[in-house]
2 protein chains.
Amino acid sequence: MVHGQDRVRPSTRARVLEVIEALGYVPDSAAQSMVRQRKEVIGLLAVESRSPDTDVEQQGLLFIEEVLRGVEASLGEIEWSLLIALLRDDDPAGAYRRMQKISAKVDGLLIAEGIVSSEHLARVAARVPVVLVAGSPGEPHADVFGVDNRAGTRAAVGHLVERHGRTRLFEIAGPPAAPDARERRSALEEAVAAHPGATLTGSFQGWFAALSGQLAVREILARPQRERPDAIVCANDQMAIGAIRELQTAGVRVPADMAVVGFDDMHAGALLNPPLTTVRQPMRLLGERACARLLQRIAQPALPRHVERLPAELVIRESCGCGPGEAGAVRTA
Amino acid sequence: MVHGQDRVRPSTRARVLEVIEALGYVPDSAAQSMVRQRKEVIGLLAVESRSPDTDVEQQGLLFIEEVLRGVEASLGEIEWSLLIALLRDDDPAGAYRRMQKISAKVDGLLIAEGIVSSEHLARVAARVPVVLVAGSPGEPHADVFGVDNRAGTRAAVGHLVERHGRTRLFEIAGPPAAPDARERRSALEEAVAAHPGATLTGSFQGWFAALSGQLAVREILARPQRERPDAIVCANDQMAIGAIRELQTAGVRVPADMAVVGFDDMHAGALLNPPLTTVRQPMRLLGERACARLLQRIAQPALPRHVERLPAELVIRESCGCGPGEAGAVRTA
DNA sequence: ATCGCACATCTAAGCGTTTACATACCACTG
DNA sequence: CAGTGGTATGTAAACGCTTAGATGTGCGAT
């Protein structure tokens with residue numbers, strides 16, 4: 001009676017509802033789930049990196065925070081809930097068990113970044129629909145949403161070379177395990193190749209933590225002056241922040257002596273001195289879209305697989321060499 | 001057989017387990033919850049502020065992020081899960097409905113900051129155990145964990161006055177609706193009163209967003225030079241960041257002309273120029289402790305009410321006037 | 001006065017597990 | 001050979017809710 005259009009006198013219904021409210025009664029969701037065959041919960045899985053030198057900030061949430069907001073907002077509207085779990089990357093077996101257990105508590109799963117092996121993913125996807133956020137586009141068992149890493153990287157390189165005449169670029173790459181890092185890396189190589197004057201003078205294999213930015217800079221500063229790059233392209237903002245800090249303590253002026261650009265547009269970047277020029281990912285939108293797709297797939301499991309890249313945006317601040325007046329955002333192709 | 005010590009031949013058990021694994025079978029949690037009367041899920045409620053001028057960063061998660069990590073880690077160990085919801089502060093009735101619905105999906109609730117009216121809280125607490133994080137210590141229907149705002153504020157003021165000889169303080173307060181903001185405000189007044197030479201030259205009623213810091217500074221700069229304060233004590237880091245930014249664009253040197261201290265120790269503070277001196281809340285610990293207590297109360301609902309303040313720490317960086325070499329953390333009483 | 005219809009109320013099955021208990025089996029011992 | 005104890009297997013109830021369908025009631029029409 002409470003839910004459906006049971007044929008009861010309106011006055012009766014009102015009275016019942018009133019008593020329900022007075023008693024503070026709320027139907028038990030487990031029982032409802034049983035009969036409805038739907039839990040009205042979706043899960044969000046992120047990594048909590050446990051590598052010894054990973055910044056706290058990098059661990060798990062921060063990256064995913066905006067995504068989470070988008071998801072939560074979408075879910076809130078239909079009164080579903082969000083279950084979140086941070087998987088430790090130092091224990092794949094444990095992570096898999098954890099994921100299995102969680103898959104029993106939700107109607108669908110959102111998984112951030114390629115943190116789950118393809119086989120494990122396949123097994124989980126057999127139980128509940130899965131949508132990957134910033135995952136590998138090749139994953140056959142899930143829908144995938146990501147950002148257009150190539151266009152973003154291209155825009156950053158283009159700006160550095162064409163607008164600021166920087167030609168000796170250096171790359172601080174992300175961990176090869178991350179699909180996004182791989183795409184940014186190859187896009188950078190292509191973009192450099194596309195500009196006749198520009199060269200890639202070196203590359204540092206980082207792991208997305210600020211410390212890797214610092215280490216990379218030390219490596220750069222160990223070179224003789226004339227072999228140094230004039231711009232550093234980082235695979236994320238964390239590393240860019242680490243790099244800038246290390247450059248400044250070494251007395252290298254940013255951006256005068258060395259331009260630095262990041263990727264992600266995390267909040268802290270705008271607070272830096274100089275403010276960080278970076279490629280913005282529309283994280284919140286990513287969350288909303290991925291969530292919408294997941295809900296759709298929960299309703300109709302047979303939907304064809306869907307892969308989508310959302311546009312990135314070059315956010316011009318000052319670490320690239322632009323002045324305060326030139327700040328702005330450029331939509332990439 | 002799968003869980004309990006059913007007396008089956010070990011070989012049989014092994015074979016069954018193997019098939020289970022092969023099929024990827026995972027028992028449905030809703031059914032398990034029914035019979036066990038336990039969902040193995042706890043909920044975390046945070047506010048998502050919808051006031052028009054609230055910084056994105058301030059909304060909900062960022063503040064609670066470390067707490068969330070602590071909670072998640074504690075929960076992960078016992079294989080429970082975390083349900084999170086961001087309540088919009090512009091719709092109390094909707095928030096209450098949402099909270100009720102969520103209370104049906106969890107075994108207990110962690111609620112951040114006094115975002116829920118006491119009556120609503122009482123009704124929810126009647127259904128599931130509730131622990132408040134950074135909530136009002138007076139709340140009769142829940143355990144409460146918070147930070148020692150008084151000691152933290154006292155330490156900050158003491159440092160400013162005794163170490164740096166600042167005597168003309170200015171307060172940028174948080175919203176009176178937040179219990180933490182109220183405590184910091186009264187503690188500031190007490191601390192100033194406790195230092196004979198020091199006076200509180202003014203106070204701005206902010207709302208925890210960076211913009212309120214900027215507005216406060218404009219108000220200060222509108223005063224004649226000699227009536228200006230020489231130090232600003234902010235009720236959180238966001239506002240301190242806004243204040244510093246506004247001071248710097250107005251050409252006021254920080255900390256030389258004006259010292260600024262914050263509260264919270266959010267990550268971005270360390271990245272600022274000058275790095276922000278602030279009072280650190282042990283957020284992660286707060287999360288762990290609150291979570292531990294909640295689990296305990298779920299096991300034994302009749303436990304007596306518990307209120308606890310965790311110690312704050314004065315994190316000395318440079319915005320107070322200290323040099324880079326003097327950085328460090330001071331445990332407050 | 002009786003029938004039938006619309007409308008209100010009551011009943012019971014079933015969702016996927018766990019668990020307590022009953023039943024069946026086997027080998028051993030008296 | 002029957003009785004017994006230890007094990008293995010099978011059965012059914014219960015968890016809290018929804019919902020379809022059975023049952024019951026009151027009214028107007030015949």
Side-chain angles (χ1 to χ4, degrees), chain A residues 1-43 78-81 83 97-109 123-124 126-129 298-299 301, chain B residues 1-43 78-81 83 97-109 123-124 126-129 298-299 301:
Chain A
M1 115 59 186
V2 176
H3 317 275
Q5 262 58 340
D6 233 354
R7 303 125 294 167
V8 292
R9 208 172 322 168
S11 68
T12 311
R13 176 184 302 270
R15 206 149 46 87
V16 171
L17 256 26
E18 191 180 314
V19 172
I20 286 182
E21 170 57 19
L23 259 43
Y25 167 84
V26 180
D28 181 80
S29 79
Q32 289 185 314
S33 308
M34 289 246 56
V35 31
R36 296 205 236 238
Q37 300 289 69
R38 188 131 299 175
K39 304 185 171 57
E40 306 199 345
V41 175
I42 75 151
I78 55 170
E79 308 225 301
W80 284 36
S81 317
L83 200 66
R97 276 188 32 249
R98 189 97 199 282
M99 184 165 67
Q100 284 282 28
K101 183 145 187 189
I102 284 170
S103 74
K105 293 181 178 172
V106 301
D107 295 316
L109 232 31
R123 317 211 58 179
V124 174
R127 289 178 38 77
V128 294
I298 288 168
Chain B
M1 133 26 210
V2 176
H3 316 273
Q5 261 57 339
D6 234 355
R7 303 123 297 167
V8 291
R9 210 171 320 169
S11 67
T12 311
R13 176 185 302 270
R15 205 151 44 85
V16 172
L17 256 28
E18 190 179 316
V19 173
I20 285 182
E21 170 58 19
L23 259 43
Y25 166 85
V26 179
D28 181 80
S29 79
Q32 288 185 314
S33 308
M34 288 246 57
V35 31
R36 293 207 239 245
Q37 300 289 68
R38 188 130 300 176
K39 304 186 170 60
E40 304 198 347
V41 176
I42 75 153
I78 54 170
E79 308 224 303
W80 284 36
S81 318
L83 201 65
R97 275 189 31 249
R98 189 98 198 280
M99 184 165 70
Q100 285 282 29
K101 183 146 187 189
I102 284 170
S103 75
K105 293 181 179 172
V106 301
D107 295 315
L109 233 31
R123 317 210 59 177
V124 174
R127 290 177 37 78
V128 295
I298 288 168

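Just so we're on the same page: letters track the sequence lines, and every chain starts at 1.
- Listed here is the closest heavy atom pair of A:Asp107 and A:Arg38: OD2-CG, 3.5 Å.
- When all heavy atoms of B:Val124 and B:Ser103 are compared, the pair lying nearest together is CG1-CB, 4.2 Å.
- Taking all atoms of both residues into account, the shortest heavy-atom contact from A:Met34 to B:Ala31 is SD-CA, 3.7 Å.
- In the set D:dC15, C:dT17, D:dT18, C:dT17 carries the atom at the smallest distance from any side-chain atom of B:Asp28.
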I'd like a table of atom pairs between the protein and nucleotides 11-14 of chain C - only N or O on both sides, under 3.5 Å - with the distance next to each one.
none

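- Across D:dT18, D:dC17, D:dC15, the shortest atom-to-atom separation from the side chain of A:Arg36 is found for D:dT18.
- Atom CZ of residue B:Arg98 and atom OG of residue A:Ser81 lie 6.0 Å apart, to the nearest 0.5 angstrom.
- Each end of the helix from C:dA1-D:dT30 to C:dG30-D:dC1 gets its own rotation axis from five pairs of C1' atoms, and the angle between them is 80° to the nearest 10 degrees.
- Spacing between atom CZ of B:Arg127 and atom C1' of D:dG16 amounts to 12 Å, rounded to whole angstrom units.
- Within the 4.5 Å cutoff, the side chain of B:Val41 has no heavy atoms near those of the A:Val41 side chain.
- Side-chain contact between B:Gln32 and B:Glu40 is absent, with no heavy atoms from C-beta onward closer than 4.5 Å.
- Closest contact between the side chain of B:Gln32 and the listed nucleotides D:dT18, C:dT18, D:dG16 involves C:dT18.
- Distance from the side chain of B:Gln37 is smallest to D:dG16 among D:dG16, C:dT17, D:dT18.
- Taking atom NZ of residue A:Lys101 and atom P of nucleotide C:dT17, one finds them 14 Å apart after rounding to whole Å.
- Following rounding to the nearest Å, A:Met34 (CE) and D:dT18 (C1') show an atom-to-atom distance of 12 Å.
- Checked against B:Asp28 for a side chain to side chain contact (heavy atoms under 4.5 Å, CB included), the options A:Lys39, A:Lys105, A:Gln37 give a single hit: A:Lys39.
- For the residue pair A:Pro27 and B:Ala104, the shortest heavy atom distance occurs at O-CB, 3.3 Å.
- Note that CZ of B:Arg97 and CD1 of B:Ile102 are 11.5 Å apart. Values are rounded to the nearest 0.5 Å.
- Phosphate proximity of D:dC17 to A:Tyr25: present, with a side-chain N or O under 4.0 Å from OP1 or OP2.
- In this entry the distance linking NZ of A:Lys105 with C1' of C:dG16 reads 16 Å, nearest Å.
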